[in-house]
Peer 1: 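First, the structure itself, so that you have it in front of you.
Positions are given from 1 along the sequence.
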Amino acid sequence: MKEPRDLIDQLISDWHRERGDLDCGAMGVVGRIIYLGTLLRASASTVLEKHGLSYTDLDILATLRRKGTPFRLTPTELGAAVLLTSGAVTTAVSRLVERELVSRGKDLADGRVKTVSLTPAGKQLIDVAISDRFREAEAAISGLTRDEAQALERMLRDLVLANEH
């Protein structure tokens with residue numbers, strides 16, 4: 001029986017035909033990771049739409065929520081945690097302030113330092129949305145056994161660590 005083929009198999013086949021001198025081995029892994037990331041983000045976005053959240057909104061709300069009481073960080077800390085530029089954090093926070101899901105304030109110890117805090121409405125929304133997001137993530141890997149998922153997690157961690165600068 002012939003092994004199933006995916007989009008990346010076709011891309012590699014095309015490159016072998018057009019440029020047989022290229023070693024396409026790594027692209028089989030990297031291409032699939034990139035493509036899978038696109039598919040997973042689209043799936044997550046569909047789940048988040050019903051909560052009126054973008055993936056970036058979820059990232060910011062979830063970051064504040066998982067930090068625990070008082071659910072407050074500086075914009076710089078938020079940007080580092082969600083891998084966004086300061087401009088992107090400012091835009092996203094402004095959108096969330098407008099919806100009264102977060103508030104801006106000043107650090108109690110140093111009034112010059114600005115903070116972003118989760119509001120009660122933001123906490124309530126993220127608690128529901130993150131449960132849906134975790135269920136969606138579980139469904140996304142349902143085609144793997146528990147052992148396969150754990151092995152893949154270890155391998156992906158190794159790749160992340162090898163590529164972080």
Side-chain angles (χ1 to χ4, degrees), residues 6-8 11 26-144 149-165:
D6 64 6
L7 172 67
I8 306 305
L11 297 174
M27 195 52 73
V29 174
V30 173
R32 282 186 178 89
I33 290 171
I34 292 169
Y35 181 53
L36 185 58
T38 301
L39 295 174
L40 293 174
R41 190 168 184 129
S43 179
S45 293
T46 299
V47 168
L48 297 175
E49 281 175 7
K50 73 180 183 180
H51 299 289
L53 297 172
S54 69
Y55 200 84
T56 299
D57 295 342
L58 176 91
D59 245 358
I60 288 174
L61 295 174
T63 297
L64 291 167
R65 176 64 176 98
R66 75 174 184 263
K67 291 300 178 182
T69 304
F71 312 114
R72 179 183 306 126
L73 291 170
T74 67
T76 301
E77 291 168 330
L78 260 178
V82 298
L83 304 176
L84 293 173
T85 65
S86 61
V89 169
T90 299
T91 300
V93 167
S94 293
R95 185 173 56 248
L96 295 170
V97 165
E98 197 171 293
R99 293 184 58 196
E100 299 181 353
L101 300 174
V102 301
S103 62
R104 287 187 172 105
K106 294 187 180 192
D107 186 77
L108 299 176
D110 183 348
R112 298 171 297 174
V113 176
K114 295 179 181 175
T115 61
V116 178
S117 300
L118 197 57
T119 65
K123 184 178 180 289
Q124 184 177 9
L125 178 60
I126 191 56
D127 282 347
V128 173
I130 204 67
S131 293
D132 285 351
R133 174 68 181 102
F134 272 60
R135 279 191 293 279
E136 181 272 330
E138 188 67 34
I141 64 164
S142 64
L144 301 175
Q150 288 173 343
L152 180 58
E153 180 184 7
R154 284 189 302 275
M155 289 185 285
L156 290 172
R157 181 184 301 110
D158 289 346
L159 274 174
V160 166
L161 291 172
N163 284 279
E164 282 183 333
H165 300 0

Peer 1: Enter the distance from Leu125:CG to Glu100:CD here, rounded to the nearest 0.5 Å.
Peer 2: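 Output value for this atom pair is 13.0 Å.
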
Peer 1: So does Arg154 pair up with Asp158, basic N to acidic O under 4.0 Å?
Peer 2: no

Peer 1: Run the side chain to side chain contact (heavy atoms under 4.5 Å, CB included) check on Glu164 and Val160 step by step: do they pass?
Peer 2: CA-CA 6 Å; Glu164 282 183 333; Val160 166; 3.7 Å; yes

Peer 1: Does Arg32 use its side chain to pair, donor to acceptor, with the backbone of Gly28 at less than 3.5 Å?
Peer 2: yes

Peer 1: Decide if atom CD of Gln150 counts as having more than 12 heavy atoms of other residues, nucleotides or ligands within a radius under 6.0 Å.
Peer 2: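 For Gln150, atom CD is crowded (more than 12 foreign heavy atoms under 6.0 Å).
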
Peer 1: What's the shortest heavy-atom distance between Thr115 and Lys106, and which atoms?
Peer 2: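 Of all heavy-atom pairs spanning Thr115 and Lys106, the closest is OG1-N, 3.7 Å.
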
Peer 1: Looking at Ala92 and Thr56, what are the two nearest heavy atoms and their distance?
Peer 2: CB-CG2, 3.9 Å

Peer 1: Is it the case that the side chain of Ser142 and the backbone of Glu138 share a donor-acceptor pair, with hydrogens and angles ignored and the cut-off at 3.5 Å?
Peer 2: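 Checking the backbone N and O of Glu138 against the side chain of Ser142, no donor-acceptor pair under 3.5 Å is found.
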
Peer 1: Work out which heavy atom in Leu96 is nearest to a heavy atom in Ile60; give both atom names and the distance.
Peer 2: CD1-CG2, 3.7 Å

Peer 1: Closest approach of Ile8 and Met27, non-hydrogen atoms and distance?
Peer 2: CG2-O, 4.0 Å

Peer 1: Locate the shortest heavy-atom distance separating Asp132 from Lys50; write the atom from each residue and the value.
Peer 2: OD2-CE, 3.0 Å

Peer 1: Within the distance-only criterion (no hydrogens, no angle test), does the side chain of Ser43 pair as donor or acceptor with the backbone N or O of Leu40 below 3.5 angstrom?
Peer 2: no

Peer 1: Hey, could you give me the CZ/CD1 distance between Arg135 and Ile130, rounded to the nearest 0.5 Å?
Peer 2: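 Going from the CZ atom of Arg135 to the CD1 atom of Ile130 covers 11.0 Å.
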
Peer 1: Measure the spacing between OG1 of Thr119 and CZ of Arg99 and express it to the nearest 0.5 Å.
Peer 2: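 The CZ atom of Arg99 is 10.5 Å from OG1 of Thr119, to the nearest 0.5 Å.
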
Peer 1: In terms of side-chain geometry, is the basic nitrogen of Glu136 or Arg133 positioned less than 4.0 Å from the acidic oxygen of its partner?
Peer 2: yes

Peer 1: Over all heavy atoms of both residues, which pair between Gly79 and Val89 is shortest? Give the atoms and the distance, please.
Peer 2: CA-CG2, 3.5 Å

Peer 1: Roughly how far, to the nearest 0.5 Å, is NE2 of His51 from CG of Leu53?
Peer 2: 7.0 Å

Peer 1: Hey, could you give me the NZ/CG distance between Lys123 and Leu64, rounded to the nearest 0.5 Å?
Peer 2: 12.5 Å

Peer 1: To the closest 0.5 Å, what do you measure between CZ (Arg157) and CG (Leu152)?
Peer 2: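 Reported value, rounded in 0.5 Å steps: 10.5 Å.
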
Peer 1: Using only atom types and a distance under 3.5 Å, with no angle test, would you say the side chain of Asp57 pairs donor to acceptor with the backbone of Ser54?
Peer 2: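 Such a contact is found between Asp57 side chain and Ser54 backbone.
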
